[in-house]
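Just so you know, these numbers use all the heavy atoms, side chains as well, and skip hydrogens, waters and symmetry mates.
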Amino acid sequence: MARILITSALPYINGIKHLGNLVGSQLPADLYARYMRARGHEVMFICATDEHGTPAELAAAKAGKPVDAYCAEMHQVQADLARGFRLSFDHFGRSSSARNHRLTQHFAGRLKAAGLIAEVAEKQVYSNADGRFLPDRYIEGTCPNCGNPRARGDQCEECTKQLDPTDLINPRSAISGSTDLEVRETRHLFLRQKAMRDQLRDWISAKSDWPVLTTSIALKWLDDGDGLQDRGITRDLDWGVPVKDGEKDWPGMEGKVFYVWFDAPIEYIAATAEWADAQGLDDAAWLRWWRKDHGAEDVRYIEFMGKDNVPFHTLSFPATLMGSGEAWKLVDYIKSFNYLNYDGGQFSTSQGRGVFMDQALSILPPDYWRWWLLSHAPESSDSEFTWENFQASVNKDLADVLGNLVSRVTKFCRAKFGEVVPEGGETGPREARLIADLTTRLKSYEGFMEAMEVRKSAAELRALWVLGNEYLQEAAPWTTIKTDPARAAAQVRLALNLIRLYAVLSRPFIPDAAEAMMAALNCTDWSWPGDVGAALTHLPAGHAFTTPEVLFAKITDEAREDWAARFSGIRA
RNA sequence: GGGCCUGUAGCUCAAUGGUCAGAGCAGGGCGCUCAUAACGCCUUGGUUGGGGGUUCGAGUCCCUCCGGGCCUACCA
């Protein structure tokens, strides 16, 4: 038995996430966590809301609420949706928690002691009307290069020229529109990543099994141009973790908070501490997951994220952990994803384009989404959601291949033998072949799941289901029963056990359907099959079952057209 | 501008430089009748974006052109 620590990139607090966000981190992380638990490993699966930063403050202001109340509310919404999609977090924390405040301040203090924090005076744009410093992209003005009147302070989207806010002609606040801006000097803390460049490169270079997508992004940042740059880790904001040197004040940093990208990954650790608190456990309970000098030496740590998150997880977060001088557990494998597009364009939170988590659950149960999203996960390149594809996959894979298999077996049994596992008869060569085929496929499925090959795992699971239909077609108990009822009984007994096998194997992908299958079979033993032949004799003759309702209703053309129309436009 | 990824059947995707480039869906044919008009078997589809090169051998490596996407450090 291994110990596996799994984290999903933290969803940002300022609204409901769309399906692209879901499939890029939380859902595949859940698949992996469920699989590893099913195999008997000890799993700690952590996620949280990422609550700090300017967008959260602005979203709260727009909602007319204090930012802490807004975040508390949105955290609850996201937690409910996570439950709705059956995301099996051991803990879903909050980056604004007391635990994260303390840990973030602790890391800052350690980094300072190690000489890895620099204090730098900077000039930044301050908006008097907004009463805040403005991040570059919250300043708009006319592009000096192409004349676009809506250029942002970091870049002009028309001519793609990189800009400095002071380059803009007639600059104004993107928040209030105010032109009452001034350049003020402010002091900030920088994480001296440059000093850790070689250490980071050595660490990344040793990860030969990481995907190109991950390492190439990291190496680019390490070596491009002047190489890895120091990163500012503080901001002039109200909402965030107050800057402190451990538990001591940090002279000159009064009124400032840590930058969201400094505190957010630390929340992975803090959320594990929150978990221990919630369980009534002491610090040793979470330290054994995170500190190599407190028992985490044998932990395997996997992070799941979208490709946009890779730099922070390969560079600044490891720099924070390494630089502390303490024996923190570093990530062993990063599984990163490309983007999911929606019907020819991008999902867009700001434009409300695409399907959002709440909308998805309002029209179909979570298994439908889980299956489609995972079997089409954007692993090798960006992938695309279309309603036609969704309808076709769900109807064919879930309703026809798996759902119908369950129907035909249980209904045939009910009609000929009653709702009880039939007795008598013996299996023969065809059954032996089925077991051999299942065993081969199962090994392959397990291999793909271990390797986090999400699409290939889904394809292999589907192939396992198909073996069931092939067997039934050849065994044809509806014919056998006319001449050899005992033989038909053995075939049906095996087929009923096949449903249980499928429930166990399918549970990481489609937990609700798996549970419905097990409930129908009146079975609670979820043990993973070590030996397929033995697993197919699990339900003994005489065991009662109930014929389940249709597992997956098909998506009609009318429904598909209706949804395609409803979700093409603008979300309020 | 720079960097990275990507282009394979009508669609969604596979193929450590090595049999005839494979699956699923869609299309065509046959079978079955237990089942959600479901299932099974057979089958039609490809000059691997274009051009050049390296190699005994290229979807795969190199150059170039064309198309799509991402990142570029103060959105997160």
Which donor-acceptor pairs under 3.5 Å do side chains of residues 462-472 of chain A form with protein atoms, sequence neighbours excluded?
from	atom 1	to	atom 2	distance (Å)
A:R462	NE	A:D397	OD1	2.6
A:R462	NH2	A:D397	OD1	3.2
A:W465	NE1	A:S506	OG	3.1
A:N469	OD1	A:R408	NH1	2.8
A:N469	ND2	A:V401	O	3.1
A:Y471	OH	A:E431	OE2	2.5

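- The CD1 atom of A:I16 sits 21 Å away from the P atom of B:rA76 (whole-angstrom rounding).
- Residue A:Y471 contributes atom OH, which lies 17 Å from atom P of B:rC34 at whole-angstrom precision.
- The ring pair (Phe, Tyr, Trp, His ring centres under 6.0 Å) test applied to A:F92 returns A:H75, A:F89, not counting sequence neighbours.
- OP1 and OP2 of B:rA23 both lie 4.0 Å or more from every side-chain N or O belonging to A:R455.
- Proximity of A:K307 to the phosphate of B:rG69: no side-chain N or O atom is located under 4.0 Å from OP1 or OP2.
- With sequence neighbours excluded, the residues that form a side-chain contact (heavy atoms from CB on, under 4.5 Å) with A:E474 are A:R430, A:R433.
- Taking the six-membered ring where the residue is Trp, A:H18 and A:F356 present perpendicular rings, their angle passing 60° and hence far from 30°.
- Side-chain atoms of A:E470 stay outside donor-acceptor range of the base of B:rC41, with no qualifying N/O pair under 3.5 Å.
- Every residue two or more places apart in sequence or in another chain was checked for a side-chain contact (heavy atoms from CB on, under 4.5 Å) with A:A415, and none qualifies.
- Note on ring orientation: taking the six-membered ring where Trp is involved, the planes of A:F258 and A:F262 are tilted (angle from 30° to 60°).
- When distances are taken from the side chain of A:W221 to each of B:rA76, B:rC71, B:rC11, the shortest belongs to B:rC71.
- Atom CZ in A:F262 sits about 15 Å away from atom P in B:rA76, given to the nearest Å.
- Rounded to whole Å, atom P of B:rC4 lies 16 Å from atom CG of A:N338.
- An OP1 or OP2 oxygen of B:rC71 is reached within less than 4.0 angstrom by a side-chain nitrogen or oxygen of A:Y339.
- Using a 4.5 Å heavy-atom cutoff, the side chains of A:W239 and A:E51 are in contact.
- Using a 90° window around 0 for the glycosidic torsion, B:rG59 falls outside it and is classed as anti.
- When the P atom of B:rU12 is taken as reference, atom CG of A:N341 falls 12 Å away, rounded to whole Å.
- A:E419 and A:T547 form a side-chain donor-acceptor contact under 3.5 Å, judged by distance and modelled atom types alone.
- When the P atom of B:rA76 is taken as reference, atom CG of A:N14 falls 10 Å away, rounded to whole Å.
- Distance from the side chain of A:K396 is smallest to B:rA26 among B:rA73, B:rU36, B:rA26.
- A:M253 and A:V243 make their closest contact through CB-CG1, 3.7 Å (heavy atoms, listed as atom of the first residue, atom of the second, distance).
- Stem regions annotated for RNA chain B: B:1-7 with B:66-72, B:10-13 with B:22-25, B:27-31 with B:39-43, B:49-53 with B:61-65, counting only runs of 3 or more consecutive pairs of Watson-Crick or G-U type with both contacts under 3.5 Å.
- Contacts of residues 399-407 of chain A with RNA chain B (heavy atom under 4.0 Å): A:A399, A:D400, A:G403, A:N404, A:S407.
- In this structure, the nucleotide among B:rA35, B:rC75, B:rU12 sitting nearest to the side chain of A:N389 is B:rU12.
- Rounded to a whole Å, the CZ atom of A:F312 is 8 Å from the P atom of B:rA76.
- For a distance-only test at 3.5 Å, the side chain of A:E122 qualifies as a donor-acceptor partner of the base of B:rC74.
- When the nearest nucleotides of RNA chain B are assigned to A:R231 and A:H376 by heavy-atom distance, the more 5′-ward of the two goes with A:H376.
- Looking at residues two or more places apart in sequence or on another chain, you find a ring pair (Phe, Tyr, Trp, His ring centres under 6.0 Å) between A:F312 and A:W261.
- Atom CZ in A:R370 sits 12.0 Å away from atom CG in A:L398 (nearest 0.5 Å).
- Rounded to an integer number of Å, the gap from A:N309 CG to B:rU72 P is 11 Å.
- Partners of A:F509 by ring pair (Phe, Tyr, Trp, His ring centres under 6.0 Å), not counting sequence neighbours, listed by chain and number: A:W371.
- Atom CE of A:M196 is separated from atom CG of A:L222 by 11.5 Å, given to the nearest 0.5 angstrom.
- Comparing atom distances between the A:K456 side chain and each of B:rA15, B:rC74, B:rA76 picks out B:rA15 as nearest.
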Which protein N or O atoms sit under 3.5 Å from an N or O of nucleotides 28-33 of chain B?
from	atom 1	to	atom 2	distance (Å)
B:rG31	N2	A:Q473	NE2	3.0

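- Residues passing the side-chain contact (heavy atoms from CB on, under 4.5 Å) test with A:N395 are A:Q391, A:K554, A:I555, sequence neighbours excluded.
- For the OP1/OP2 pair of B:rA38 and a distance below 4.0 Å, the side-chain nitrogens and oxygens of A:R408 include no atom meeting the criterion.
- Comparing the P positions of B:rG2 and B:rA9 gives a spacing of 31 Å, expressed to the nearest Å.
- Look at A:Y259 and you'll find a side-chain N or O under 4.0 angstrom from OP1 or OP2 of B:rA76.
- Annotation: side-chain contact (heavy atoms from CB on, under 4.5 Å) contacts of A:T166 (sequence neighbours excluded): A:D164, A:V183.
- Comparing the same atom, C1', in B:rG7 and in B:rC13 gives a spacing of 13 Å after rounding to whole Å.
- The side chain of A:D136 has B:rC74 as its nearest neighbour among B:rC74, B:rG40, B:rA76.
- Using cut-offs of 30° and 60° on the angle between ring planes, the pair A:F385 and A:Y342 is parallel.
- At a non-hydrogen distance threshold of 4.0 Å, A:R462, A:V466 from residues 458-467 of chain A come into contact with RNA chain B.
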